[in-house]
Colleague: 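Have a look at the structure that comes next, please.
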Amino acid sequence: MYSVSNNYKNYIKINLSLSPKCKIVVDSITYDGSIIKAAPKITHKCDRSFGEFPTKKVNFEIYNLNNNLDFENKEIVVYKGLYIDNQIEWVPQGIFKPNSSNITTNISTRTITIQDAQDRTQLFDVPYVSTLSWNSNQTHSGQEIVDDICTQIGIELANSTFNWSSYQFKQPNFKEGITCREIIRRLAEIGNSIAFINREGKLEIKSRTATNEIIERKRYVNLSKENIVGPYNTLVLGKDGYNDDIIYPETMDTDRVEVKILDNPFVDLYRGEMIETIASYFIGSSYIPFELTDFVDGFYYDLNDEIEIVDKKGNKFKSVILNYESTSRIKSKVGANTESKSLTDYNLAGSTRSAIEDVKLDVNHIKSEINLVATKNEENSEKIAAIEIKNNEITSSVSKISNNLDNMQDSISGDDGLLERINKVETKQTATDLTIGHFNKIFSTLYGYIFLPSYLIIISFILPTTYNNPSGVI
């Protein structure tokens with residue numbers, strides 16, 4: 001929440017008739033309401049309550065009476081304010097930079113329309129070029145990683161203290177070409193935070209922040225709200241599309257209310273050692289999805305601000321602002337969306353596995369390694385099929401552990417056993433020499449022994465992006 005004067009806050013609370021003002025500043029030139037035809041409207045929206053780095057956008061229309069205004073690729077500082085006691089208290093709204101696609105010039109009306117001009121978030125949509133050394137198992141703090149990105153972008157970090165700022169990270173599992181924006185978003189994700197560019201144009205990584213603001217009934221027209229999300233009592237770390245989740249805590253006597261994080265590169269290779277710390281930021285947290293319309297907000301609320309709302313019956317509830325949209329010169333629509341969920345099968349997760357069929361896929365971008373393990377657990381046996389791609393070679397192995405040793409001997413090492421059949425196909429080839437036929441031979445052999453549906457497709461898509469394959473054959 002932007003810090004406005006107490007006089008400003010009190011004026012909004014006791015007055016329903018307000019006198020809003022606006023201005024923009026471009027190249028140190030101020031354009032006020034006398035030349036702005038349609039006041040700036042701001043939008044800033046999150047899809048989730050954490051792990052977001054949303055772009056703030058602005059729309060407005062301005063007179064161009066002398067046809068001399070040029071805003072393309074120039075930073076526009078937007079202000080709104082209120083006329084109180086014969087003076088205007090200005091509240092900065094953000095810094096925006098339109099490109100040609102955001103600008104429409106109307107010669108007949110002599111106006112310029114700015115549509116969906118973005119803030120400095122757009123600067124982060126570039127590949128991350130690290131200057132940090134990870135040799136000899138060196139670690140770096142969250143702040144060091146963020147500072148490295150800010151230096152690359154040429155932007156200032158607003159808050160040096162945030163969730164994970166002092167934690168010493170082992171080398172994250174960043175994929176090639178990962179953007180600066182994705183890294184910041186993922187760091188915010190494991191800290192139950194969101195990232196955004198604040199009103200002064202600085203990067204801010206923000207956890208939920210109490211404002212002690214009470215929104216009285218007279219300050220809005222309509223309110224809708226839904227059932228509470230949370231409080232969370234379970235954290236799940238997993239991989240999208242695979243039954244490879246781990247959970248914290250592993251056991252629980254009550255019903256689980258989970259929050260799930262998938263494929264986070266900061267924790268992919270270290271999930272077991274980090275899950276308890278990550279859980280500390282989530283367990284016990286909750287929010288109520290809601291929407292206020294025609295809300296006289298005063299222009300000073302930010303994302304992840306916690307507010308208390310009085311409904312039409314006089315009841316109060318707390319929630320957090322995750323969406324903001326100004327709808328008129330003085331009013332806005334704010335709220336928090338309901339999140340979609342992918343529920344965990346707890347029979348497959350962590351140490352609570354029962355008789356299951358499961359697949360685990362690990363892609364280590366640091367070492368250029370891929371490991372695929374398929375298991376089938378039955379009452380008295382376990383079958384395991386594994387494929388490892390490492391140092392430009394692919395190796396497969398299959399085993400079965402059973403209480404019937406005769407069956408194991410026959411099925412594994414007999415004259416026509418599985419190992420004999422696998423030895424007849426090429427189970428060790430350089431990655432650049434592999435063809436789809438090799439995979440078909442290996443997988444068709446494994447498939448007769450253990451379930452492996454469709455994972456050939458996944459491997460054949462991953463390999464070309466991991467290994468140098470000048471022949472183009474896989």
Colleague: Could you tell me which residues satisfy side-chain hydrogen bond (donor to acceptor under 3.5 Å, both in side chains) with Q152, sequence neighbours excluded, listed by chain and number?
Modeller: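 Applying side-chain hydrogen bond (donor to acceptor under 3.5 Å, both in side chains) to Q152 gives none.
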
Colleague: Any salt bridge between R48 and E189, counting N to O under 4.0 Å?
Modeller: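 Here R48 pairs with E189 in a salt bridge, since their nearest N and O are under 4.0 Å apart.
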
Colleague: Whether R181 engages the ring of F53 as a cation-pi pair (distance to the six-membered ring centre under 6.0 angstrom, angle to the ring normal within 45°) should be assessed.
Modeller: yes

Colleague: With sequence neighbours excluded, what pairs up with E276 under the salt bridge (Lys or Arg N to Asp or Glu O under 4.0 Å) test?
Modeller: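 Salt bridge (Lys or Arg N to Asp or Glu O under 4.0 Å) check on E276 returns nothing, list empty.
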
Colleague: Would you list the pairs meeting side-chain hydrogen bond (donor to acceptor under 3.5 Å, both in side chains) in which at least one residue belongs to residues 12-30, sequence neighbours left out?
Modeller: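 Checked against side-chain hydrogen bond (donor to acceptor under 3.5 Å, both in side chains) - neighbours excluded - the pairs reaching residues 12-30 are D27-K74.
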
Colleague: Can you establish whether the number of heavy atoms outside D253 located under 6.0 Å from its atom CG is more than 12?
Modeller: no

Colleague: Are Y2 and Y301 close enough that their ring centers fall under 6.0 Å?
Modeller: no

Colleague: What residues, two or more places apart in sequence or in another chain, satisfy salt bridge (Lys or Arg N to Asp or Glu O under 4.0 Å) together with E204?
Modeller: none

Colleague: Could you walk me through whether S108 and N106 satisfy the side-chain hydrogen bond (donor to acceptor under 3.5 Å, both in side chains) test, starting with their C-alpha distance in whole Å, then the side-chain angles of each, then the deciding distance to 0.1 Å, before giving a yes or no?
Modeller: CA-CA 6 Å; S108 61; N106 190 319; 2.6 Å; yes

Colleague: Residues in side-chain hydrogen bond (donor to acceptor under 3.5 Å, both in side chains) with D305, at least two apart?
Modeller: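 side-chain hydrogen bond (donor to acceptor under 3.5 Å, both in side chains) check on D305 returns K206.
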
Colleague: Ring of F317, cation from K225 - is the NZ or CZ under 6.0 Å from the centre and inside 45° of the axis?
Modeller: yes

Colleague: Taking the ring centre of each residue, are Y31 and F71 less than 6.0 Å apart?
Modeller: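 Y31 vs F71: aromatic centres under 6.0 Å.
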
Colleague: Residues two or more places apart in sequence or in another chain: which of them pass salt bridge (Lys or Arg N to Asp or Glu O under 4.0 Å) with E213?
Modeller: K9

Colleague: So D119 and T121, side-chain hydrogen bond (donor to acceptor under 3.5 Å, both in side chains) or not? Walk me through it.
Modeller: CA-CA 5 Å; D119 67 357; T121 305; 2.7 Å; yes

Colleague: Decide whether a cation-pi geometry holds between R217 and Y220; the criteria are a distance under 6.0 Å from NZ or CZ to the six-membered ring centre and an angle within 45° of the ring axis.
Modeller: yes

Colleague: Considering only heavy atoms from C-beta outward, does the side chain of L157 approach that of F162 to under 4.5 Å?
Modeller: yes

Colleague: Crowded around N315 CG? As in, over 12 foreign heavy atoms under 6.0 Å?
Modeller: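 More than 12 heavy atoms, drawn from other residues, nucleotides or ligands, come within 6.0 Å of this atom.
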
Colleague: With heavy-atom distances below 4.5 Å as the criterion, would you say the side chains of F266 and W164 are in contact?
Modeller: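 No, every pair of side-chain atoms sits at 4.5 Å or beyond.
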
